[in-house]
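Read the structure below first, then the notes.
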Amino acid sequence: MSLMFASPVVTPTVGAFTFSSRRSNYIVMSAVRSNSTSLCPVLTKFQKDCATPTPYLREVANAIADDMRAGLAVEGGGDLDMILSYVDALPSGNEEGLFYALDLGGTNFRVRSVQLGGEKERVVATESEQISIPHKLMIGTSEELFGFIATKLASFVAKEKPGRFRLEQGKERELGFTFSFPVKQTSIDSGTLIKWTKGFNVSGMEGKNVVACLNEAMAVHGLDMRVSALVNDGVGTLAGAKYWDEDVMVGVILGTGTNACYVEQKRVIPKLQSKSSSGTTIINTEWGGFSKILPRTIFDREMDEKSLNPGEHLYEKMISGMYLGEIVRRVLLQMCETTDLFGPFVPVKLSTPFALRTEHLCKIQEDKTDDLQIVGSVLYDILEVEASLEARRRVVEVCDTVIKRGGRLAGAGIVALLQKIEKDTKRMGSGKRTVVAMDGALYEKYPQYREYMQDALVELLGHKLASYVAIKHTKDVSGLGAALLAATNSIY
């Protein structure tokens, strides 16, 4: 038997299908097309430095698991923060009533309403709206930012159709708040901002309770609503997916950035100390911070040195969509400087940081034409170069090397989580299905990345244990998850 995984279909719950051991069409073709690696020392060394054989991947998975245990033992114990989410009650399917979700994590925020009908009807109705945040509010005051959000929330509520959405008389509206910035959570409905990221620099916020800021703004603007649950997008994804499938135990985001969370037994969390040790909770690993024994090349080191957070989040810089294209660009630049890859001159645009994006790599690797026409078009459109067939082949090899390393390292991280769960629950060993809920554009849109990740899972778990694992693509369920967590943590 073999690993099960779901095709990236946009539905609340996605059926899994059998993963065979076949190699990707794209990967096989790229290998067949190129016989020129030996003629390019830069590429040869890069491929060697990026290699992730099974024994090495097992070391990476073990090191991540060690950091997980260290982070559960004491705050700051390892590279992984292992943040307590305070989500002790997960959706059961019996939730009823009208609940809301607000997702703030970038230049847009999304608001959603969800009418829940209990076990038989589940999601009766849902509406959502995405709203752009003016740049001046991203660098203004907390009153301005949260006042703007409260105003838009009130407008959204005012447009509700009474026949579809029904708030029980005498009840205050309740909201699940997805806040995707570094925050020190102190309870299910409170947390203080550690620092702003993603271009935000709102004054007077650091150290403040973000939930209190939103609650106060809603009150000022006459909106009868309160935050019942503060979550991040990974926790929301896990909760939303578990609503449809009770075997979901892990939530993973693989997009521009990356993170993972999982269901943990409270009894194995030493840093809980005097808190209740019975039952389960969700742990937000912040696994992007892992930095040990990774296959770093000179190109990774140079990119890291130029980043906003040098020396930090090294795992994220190898597996997430934000950085894969930039690594390829840096390799191609050195190949141009040491060989005549694109002729006697170095293309000007190849010297521009982040000129190549992960979506470009995906197009390059999906090219099935004999003369790699699509590869040539991408290089011409993005870098303004006329590339020979030989040069196109080398570009394909560089892309494949970066994607293979990223996908396999992501697989090792998932295995670390699965083995931690297995050690404490013996789920898979007893034949119980375990589901990993996946979201993010990188996982959804890059088939070669998915296949390399899945190959690593089977290699490390072995076919027997892997046969009890299902990977499900659960697109955009974090908003539903936040609303559900507002329901499970309702004050009523």
Side-chain angles (χ1 to χ4, degrees), residues 12 84-104 110-129 146 149-150 152-179 185-191 209-232 235-244 246 263 266 275-276 278-282 477-492:
L84 300 171
S85 69
Y86 295 90
V87 174
D88 300 336
L90 283 161
S92 64
N94 297 318
E95 293 79 12
E96 295 184 13
L98 175 59
F99 296 92
Y100 298 83
L102 168 66
D103 187 345
L104 176 62
R110 183 182 292 273
V111 58
R112 179 185 297 270
S113 56
V114 181
Q115 186 76 46
L116 300 171
E119 188 174 7
K120 290 185 178 180
E121 294 184 90
R122 295 282 174 143
V123 177
V124 177
T126 182
E127 286 286 346
S128 68
E129 184 178 341
F146 286 101
I149 292 171
K152 296 300 181 181
L153 269 171
S155 175
F156 178 79
V157 169
K159 290 184 285 188
E160 281 178 354
K161 298 173 183 175
R164 297 187 70 209
F165 298 96
R166 304 172 305 280
L167 182 67
E168 196 172 321
Q169 194 168 2
K171 284 190 175 181
E172 186 180 19
R173 299 177 194 272
E174 294 184 279
L175 173 81
F177 185 16
T178 302
F179 187 75
Q185 195 144 354
T186 49
S187 71
I188 187 61
D189 61 355
S190 65
N209 182 351
V210 296
V211 171
C213 291
L214 180 55
N215 281 338
E216 288 166 12
M218 290 189 293
V220 166
H221 287 80
L223 180 58
D224 191 23
M225 184 183 288
R226 67 180 296 279
V227 176
S228 293
L230 175 67
V231 300
N232 76 356
V235 172
T237 294
L238 192 158
K242 200 170 182 68
Y243 181 69
W244 300 105
E246 64 180 12
V263 179
K266 286 186 179 180
K275 301 183 182 76
S276 171
S278 61
T280 62
T281 189
I282 296 179
V477 299
S478 63
L480 171 63
L484 287 165
L485 290 173
T488 57
N489 292 280
S490 171
I491 59 172
Y492 299 105

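Values reported hereafter were calculated over all heavy atoms of this structure, with side chains retained and with hydrogens, waters and symmetry mates removed.
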Which pairs of donor and acceptor atoms, one on a side chain in residues 157-168, lie under 3.5 Å apart (sequence neighbours left out)?
unit_1 : atom_1 : unit_2 : atom_2 : d
Lys159 : NZ     : Glu129 : OE1    : 3.2
Glu160 : OE1    : Tyr100 : OH     : 3.3
Glu160 : OE1    : Arg173 : NH1    : 3.3
Glu160 : OE2    : Tyr100 : OH     : 2.4
Arg164 : NH1    : Glu127 : OE2    : 2.4

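- Between Leu153 atom CG and Leu214 atom CG the span is 6.5 Å, to the nearest 0.5 Å.
- Judged as a side-chain hydrogen bond (donor to acceptor under 3.5 Å, both in side chains), the pairs with a partner in residues 211-229 (not counting sequence neighbours) are, in order, Thr151-His221, Glu174-Ser228, Arg226-Ser228.
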Quiz prompt | Derivation and outcome, side-chain contact (heavy atoms from CB on, under 4.5 Å), residues Leu116 and Leu484 | solution = CA-CA 9 Å; Leu116 300 171; Leu484 287 165; 3.8 Å; yes
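- In this structure, CG in Leu90 is found 8.0 Å from OG1 in Thr281, a value given to the nearest 0.5 Å.
- Shown here are the side-chain hydrogen bond (donor to acceptor under 3.5 Å, both in side chains) partners of Asp189, two or more places apart in sequence or in another chain: Ser187.
- Between atom CD1 of residue Ile188 and atom OG1 of residue Thr488 there is a gap of 7.0 Å, rounded to the nearest 0.5 Å.
- Atom-to-atom distance recorded for Leu102:CG and Thr178:OG1 is 7.5 Å, nearest 0.5 angstrom.
- The CZ atom of Phe177 sits 9.0 Å away from the CG atom of Asp103 when rounded to the nearest 0.5 Å.
- Each salt bridge (Lys or Arg N to Asp or Glu O under 4.0 Å) pair with one or both residues in residues 481-492, not counting sequence neighbours, would appear here, but there are none.
- Side-chain contact between Tyr86 and Val235 is absent, with no heavy atoms from C-beta onward closer than 4.5 Å.
- Between the side chain of Ser85 and the backbone N or O of Ile282, at least one donor-acceptor pair lies under 3.5 Å.
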Practice problem: Report the C-alpha separation of Trp244 and Leu480 in whole Å, then their side-chain angles, then the decisive distance to 0.1 Å, and conclude whether the side-chain contact (heavy atoms from CB on, under 4.5 Å) test is met. | Solution: CA-CA 11 Å; Trp244 300 105; Leu480 171 63; 3.4 Å; yes
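- In this view, Phe156 satisfies the ring-ring contact (aromatic ring centres under 6.0 Å, His included) rule with no residue, not counting sequence neighbours.
- To the nearest 0.5 Å, atoms NZ (Lys171) and CD1 (Ile491) are separated by 9.5 Å.
- Nearest heavy atoms, Leu175 versus Ala486: C-CB, 3.6 Å.
- Here the side chain of Tyr492 pairs a donor or acceptor atom with the backbone of Glu172 at under 3.5 angstrom.
- Residue pairs meeting the salt bridge (Lys or Arg N to Asp or Glu O under 4.0 Å) criterion with at least one partner in residues 111-123, sequence neighbours excluded, are absent.
- Pairs engaging residues 84-95 under the salt bridge (Lys or Arg N to Asp or Glu O under 4.0 Å) rule: Asp88-Lys266 [sequence neighbours left out].
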